[in-house]
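These notes are about the structure you will find just below.
Numbering of ligands and ligand atoms starts at 1, following listing order.
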Amino acid sequence: MPRLNSHDDFTPLKEVIVGSAANYVGHDRDVSFELFHHENLKGFRSDWAYPRLTRAAAGHRESWTIKARYAQELHEDVEALAATLAGLGVAVHRPLPLPADAAPIAGLGWAAAPTPALNIRDNTLILGDEIIETPPAIRSRYLETRLLAPVFTAYWEAGARWTTMPRPTLTDNSFDLSYARDTATTLGGPTEAIDDPRPSPYDVGVEMMLDGAQVLRLGRDLVVNVAQENHARGAEWLERHLGHEYRVHQVWRMADNHIDSMVLALRPGVFLARHDGIRDLMPEPLRSWRYIVPPEPDPGTFPVYDDYEDLVLTSPYIDLNVLSVDEHTVLVNEECTGLAKLLETEGFDVVPVRHRHRRLFGGGFHCFTLDTRRTGGFDDYLS
Ligand SMILES: NC(=[NH2+])NCCC[C@H](N)C(=O)O
């Protein structure tokens, strides 16, 4: 195994981990899930269609089944993504697949059904030669990085540093609700009301939670999205851990959590951004970069889902979540022709890749991958 080296999202990609969609059967709609996906779920009208789910408020686990056809199609698309990357000469590593009959996992005072290591950008941050497992905010994802342990072990054996941020207990009282309160139209819903935390003997107060996908990596500069106190504590940990070598730029509420469908760096000096206002939310030294803004998403390019049965977890801007193979080559959803054309006009080579159910499973190509070796170094892109 060569050495872990990944400082950015755009220098030539040599090795990557591609997530696994195997056995993605459903979601446990507990308080941690409802809160994390609040922005996309708040408009979801199932609260009156599924009164039976109010049972969850009494402490039952409620699971939400994903239609087998969608899970199968997702699995096909993810396997094809891995094959495309391998075809481009990138060494592809994979997590362990979630077993078909995975038993629920348990923490102190809770249990949740695990989901596969699919959106692997979320729970790990690669900074140079260091693997940092970040503290999950969703209970069902608590052990997700264990499915990556064989790959991480191989990198560790080849000299990587391997760190785990403090693990949260994830009781109801661990969560800062302020972002959801400030932005929501309704709180709670069909399952567990997020603004009615139940006391637990394991309560430790508001905890550190930060996903790798809240961090944009640019060599020695990191842009970290902070939307509430859980994130602020995670960002503070990162600053103390990294010391003075890195410049950590906190941005306030660019998104509810992940920023990789808001802004991605395509090459030094060029961002892909959801809208031009992103520029003003970025740290001052990055406002002079060029911001490429794709055309508004075309609703006709998404599969038609059932309003009541299919949980839509992402915004229609999810196709902005591209993956760069180098400073000229970008993997783009084949349905997103507007974005592909624009990137071609800008001088990029576009590799179209199929990904049908990006709205059901929370991510696009950037979310589903974790680049472990690129040629770029600990560079200063601001000077
Ligand atoms: N790393 C990820 N899972 N990113 C996905 C972010 C999706 C974002 N919440 C949206 O609705 O567009």
Side-chain angles (χ1 to χ4, degrees), residues 9 16-21 24 27 32-44 74 77-78 81 95 115-126 132-138 140-141 144-145 148 179-180 183-184 209-217 222-228 231 234 251 253-265 272-275 277-278 281 293-294 296-299 301-302 305 310-324 331-333 335-336 339 355 357-371:
D9 275 336
V16 71
I17 314 174
V18 175
S20 163
Y24 211 138
H27 296 290
S32 65
F33 181 91
E34 295 296 298
L35 188 55
F36 194 87
H37 293 291
H38 198 253
E39 199 141 276
N40 287 300
L41 292 178
K42 71 187 181 197
F44 191 72
L74 171 77
D77 292 351
V78 173
L81 167 67
T115 47
L118 173 64
N119 285 287
I120 57 177
R121 184 73 57 179
D122 301 354
N123 288 329
T124 304
L125 178 65
I126 307 283
I132 301 178
E133 295 186 37
T134 56
I138 301 183
S140 58
R141 302 187 68 180
E144 197 177 295
T145 49
L148 288 158
Y179 182 89
T183 59
M209 294 171 211
L210 183 80
D211 272 5
Q214 288 174 242
V215 181
L216 182 143
R217 303 169 310 145
L222 303 175
V223 179
V224 183
N225 180 49
V226 172
Q228 30 81 341
H231 303 157
V251 294
R253 293 192 175 177
M254 179 183 285
D256 52 350
N257 39 67
H258 303 150
I259 47 172
D260 53 358
S261 71
M262 289 289 172
V263 62
L264 284 176
L272 181 63
R274 187 183 290 202
H275 53 79
I278 295 288
L281 298 171
V293 177
E296 280 293 301
D298 171 1
T301 64
F302 296 99
Y305 297 118
D310 302 319
L311 271 196
V312 168
L313 297 183
T314 68
S315 72
Y317 297 92
I318 189 64
D319 289 330
L320 194 135
N321 192 262
V322 299
L323 179 70
S324 293
L331 268 53
V332 178
N333 193 324
E335 300 276 17
C336 207
L339 172 58
H355 180 15
H357 301 298
R358 59 272 198 209
R359 299 202 66 191
L360 293 186
F361 294 92
F365 304 135
H366 189 261
C367 313
F368 288 0
T369 53
L370 199 55
D371 25 323

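What sits closest to atom 2 (C) of ligand 1 on the protein, heavy atoms only, is C367 SG, 2.8 Å. The closest protein non-hydrogen atom to atom 8 (C) of ligand 1 is S261 OG, 3.4 Å. With hydrogens left out, the protein atom closest to atom 11 (O) of ligand 1 is S315 N, 2.7 Å, a heavy atom.
Applying the 4.0 Å criterion to heavy atoms of D260 picks out, from ligand 1, the atoms 1 (N), 2 (C), 4 (N), 5 (C), 6 (C). Applying the 4.0 Å criterion to heavy atoms of I318 picks out, from ligand 1, the atoms 5 (C), 7 (C). Here is the list of ligand 1 atoms found below 4.0 Å of a heavy atom in N119: 3 (N). Applying the 4.0 Å criterion to heavy atoms of A213 picks out, from ligand 1, the atoms 1 (N).
Ligand 1 has no nitrogen or oxygen under 3.5 angstrom from a nitrogen or oxygen of R121. Not a single N or O atom of Y317, backbone or side chain, sits closer than 3.5 Å to an N or O atom of ligand 1.
Side-chain contact annotation: D77 with H357, donor-acceptor N/O pair under 3.5 Å absent. Neither side chain, T115 nor R141, offers a donor N or O lying under 3.5 Å from an acceptor on the other.
The option from D122, N40, L313 that lies nearest to atom 1 (N) of ligand 1, judged by heavy atoms, is D122.
The proximity of T314 to ligand 1, defined as any non-hydrogen pair under 4.0 Å, involves the side chain as well as the backbone. Neither the backbone nor the side chain of Q214 has any atom closer than 4.0 Å to an atom of ligand 1 (non-hydrogen atoms only).
Using a non-hydrogen distance threshold of 4.0 Å, R359 does not register as a contact of ligand 1.
Between H355 and F368, the ring-plane angle classifies as tilted under the 30° and 60° cut-offs.
Residue R121 is tested with N321, D260, D371 for a side chain to side chain donor-acceptor pair (under 3.5 Å); the sole match is D371. Y179 pairs in a side chain to side chain donor-acceptor pair (under 3.5 Å) with only one of the listed residues (Q228, H38, R253, E39), which is E39.
Figure legend: R359 and F302 shown as a cation-pi pair, the cationic atom lying under 6.0 angstrom from the six-membered ring centre and within 45 degrees of its axis.
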(Q) Apply side chain to side chain contact (heavy atoms under 4.5 Å, CB included) to residues N257 and D211 and explain how you reach the verdict. (A) CA-CA 8 Å; N257 39 67; D211 272 5; 6.0 Å; no
Q: For the pair L311 and L360, evaluate side chain to side chain contact (heavy atoms under 4.5 Å, CB included) and give the outcome as yes or no after the intermediate values.
A: CA-CA 6 Å; L311 271 196; L360 293 186; 5.7 Å; no
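In terms of modelled atom types and a separation under 3.5 Å, the side chain of N119 and the main chain of F361 share a donor-acceptor contact.
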